Amino acid sequence: MKTVSTTSTSHPVGRRGPALVVLCFVQFMLVLDDNVVSVALPSMRDDLGFSTAGLAWVVNAYFLAFGGLLLLFGRMADLLGRRRVFLTGVALFGAASLVCGLAQEPWQLVSGRFVQGAGAAMASPAALALIALLFPGTEERARAFGVWGGIAGLGGTAGLVISGALTGLASWRWIFLINLPVALAAVVLLPRLAPESRAGHAVRLDVPGAVLGTGALVSLVYGLLRTGESGWADPAAFGPMALAVLLAVAFVAVEVRTAEPLVPLSFLAFRFRAVANGATLLFSAAMYAMAFLLMVHLQTVLGYGPLTAGLAYLPYGAGILTGMWLSARAVTRLGVRPALVLSFLISAAGLLLLSGVAPDDDYVRGVLPGMLVTSLGCGLSLPALTVAALTGTTEQNAGLGSAVLSSVQQVGGAVGVAVLVALAARHSDVVAAHAGPRSAVTQGFSLALTIAAALLTLGAVLLAALLGKNHRQEEALDDTGEPPADHGNRT
């Protein structure tokens with residue numbers, strides 16, 4: 001099977017565009033399934049007889065598999081072939097979508113959602129690695145990631161609208177069945193558009209590292225999900241997170257001694273990528289929590305119905321698309337660091353605007369301004385963060401770099417929802433002793449978004465101080481794809 005190198009120019013330029021379109025629409029499908037079940041959960045409960053606790057696992061099973069398996073499948077993509085792993089993941093995701101759409105029992109739907117998450121964990125980092133290799137230059141990579149991020153952002157917004165429309169007008173089953181044509185088209189078209197690529201020399205999978213790393217991620221994500229449901233004092237939440245710490249320590253010990261580690265520590269020590277991934281953690285924590293809290297606020301305080309609340313997010317998608325369109329230009333003209341600092345500060349300003357929404361505010365004057373500013377900053381941030389996090393990745397480790405970035409996004413999102421939603425709920429309970437319920441929920445919402453804005457401001461400070469000044473300087477890489485030992489201090 002034909003393979004390509006990182007800097008290959010033999011791939012026909014005319015096919016890179018169609019390949020990007022296919023990869024982006026698959027990502028649209030995967031991101032859509034992050035959100036599409038939220039509005040349909042009551043209908044699933046009524047049709048299949050879910051308990052309240054069981055219903056939560058329709059959402060959690062997907063995130064547990066997706067977040068826990070990203071690192072393993074990202075490295076497997078480097079070793080076995082990115083296109084092969086991508087197509088396998090898409091096929092698995094499509095088959096699991098069919099199982100979910102035809103489910104007759106709760107366990108069938110939850111099992112299907114877990115397999116969907118596993119398929120997404122295979123497809124998403126492999127697709128991102130393929131884009132990074134197809135578009136190796138900084139400027140063209142920024143444009144490609146802008147398109148990628150725009151479609152993905154649109155998928156997050158569209159998931160809420162599509163879920164409400166399909167559930168209300170047809171059946172919740174169609175939110176899964178609509179994945180089938182997209183998956184089928186990707187499996188048929190991508191082999192004609194993108195060549196196979198894998199690590200340039202034979203590398204064995206680090207099995208002990210894979211077991212420990214995957215176990216640590218699964219335990220961490222599970223613990224965070226339980227924390228979001230029952231609080232930090234729940235032993236069922238604290239135990240898995242303590243286990244995650246132990247497994248992570250064992251993972252580092254194994255990686256230091258392994259000749260061909262799953263995650264070379266030099267990869268993580270490369271400052272440019274390390275700072276970008278750290279900023280991504282803060283960004284994901286703030287933005288995932290905002291999305292969750294705003295949807296709840298629209299329905300519980302402002303009185304929107306599910307479909308109306310979903311439609312209220314449409315300007316958010318438009319703002320993200322605008323930010324994505326501007327992001328490549330900002331990276332090209334300003335550089336990665338100034339573009340990221342600016343985007344984080346814009347997002348923080350938008351969150352502060354949203355934190356001031358009062359119970360009696362209307363949509364246009366109360367919600368819309370903060371939503372538009374936040375979404376513009378979000379759209380500016382995502383492509384630039386991806387460019388920074390994948391700086392210096394090569395044929396040897398593009399899948400690993402993509403998986404690390406995706407894992408950081410998932411863990412950051414889980415931490416943000418678990419911590420900030422809990423803080424909002426706790427503050428609301430305290431305020432409720434001397435205020436009405438709508439006012440109490442609003443004050444909890446405001447506190448959580450103010451903290452989220454502080455996280456983004458901290459991210460902007462860290463990016464300004466640590467990311468480096470010259471994004472155009474080419475990174476000198478050795479033939480293993482890692483920066484030289486003294487290279488971590490300059491970009």
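What you are looking at is a predicted structure, and each value in this text was computed from that prediction instead of being measured.
A distance-only check finds a donor-acceptor pair linking the side chain of Glu196 to the backbone of Arg83 [under 3.5 Å].
Residues passing the side chain to side chain contact (heavy atoms under 4.5 Å, CB included) test with Ala312, sequence neighbours excluded: Leu298, Tyr304, Tyr363. By the side chain to side chain donor-acceptor pair (under 3.5 Å) test, Ser343 pairs with Ser381, sequence neighbours left out. Scanning for ring pair (Phe, Tyr, Trp, His ring centres under 6.0 Å) contacts around Phe73 gives an empty result, with sequence neighbours left out. Shown here are the side chain to side chain donor-acceptor pair (under 3.5 Å) partners of Gln27, two or more places apart in sequence or in another chain: Ser124. In this view, Ala460 and Val341, Phe344, Leu345 satisfy the side chain to side chain contact (heavy atoms under 4.5 Å, CB included) rule, not counting sequence neighbours. Scanning for side chain to side chain donor-acceptor pair (under 3.5 Å) contacts around Gln409 gives an empty result, with sequence neighbours left out. Take Pro181 and apply the side chain to side chain contact (heavy atoms under 4.5 Å, CB included) test, not counting sequence neighbours, and it matches no residue. Taking Val252 as the reference, Val256 meet the side chain to side chain contact (heavy atoms under 4.5 Å, CB included) condition, with sequence neighbours excluded.
Residue pairs satisfying the salt bridge (charged side-chain N to carboxylate O under 4.0 Å, His left out) criterion with at least one member in residues 310-319, sequence neighbours excluded, are absent. Pairs engaging residues 176-191 under the side chain to side chain donor-acceptor pair (under 3.5 Å) rule: Asp33-Asn179, Ser97-Asn179 [sequence neighbours left out].
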What pairs of donor and acceptor atoms, side-chain ones from residues 448-457 against any protein atom, are under 3.5 angstrom apart with sequence neighbours left out?
unit_1, atom_1, unit_2, atom_2, d
Thr450, OG1, Ser446, O, 2.8
Thr457, OG1, Ala453, O, 2.9

Only distances under 3.5 Å count here; give the side-chain donor-acceptor pairs of residues 276-285 to other protein atoms, sequence neighbours excluded, each with its distance to 0.1 Å.
unit_1, atom_1, unit_2, atom_2, d
Asn277, ND2, Arg273, O, 2.9
Thr280, OG1, Ala276, O, 2.8
Ser284, OG, Thr280, O, 3.0

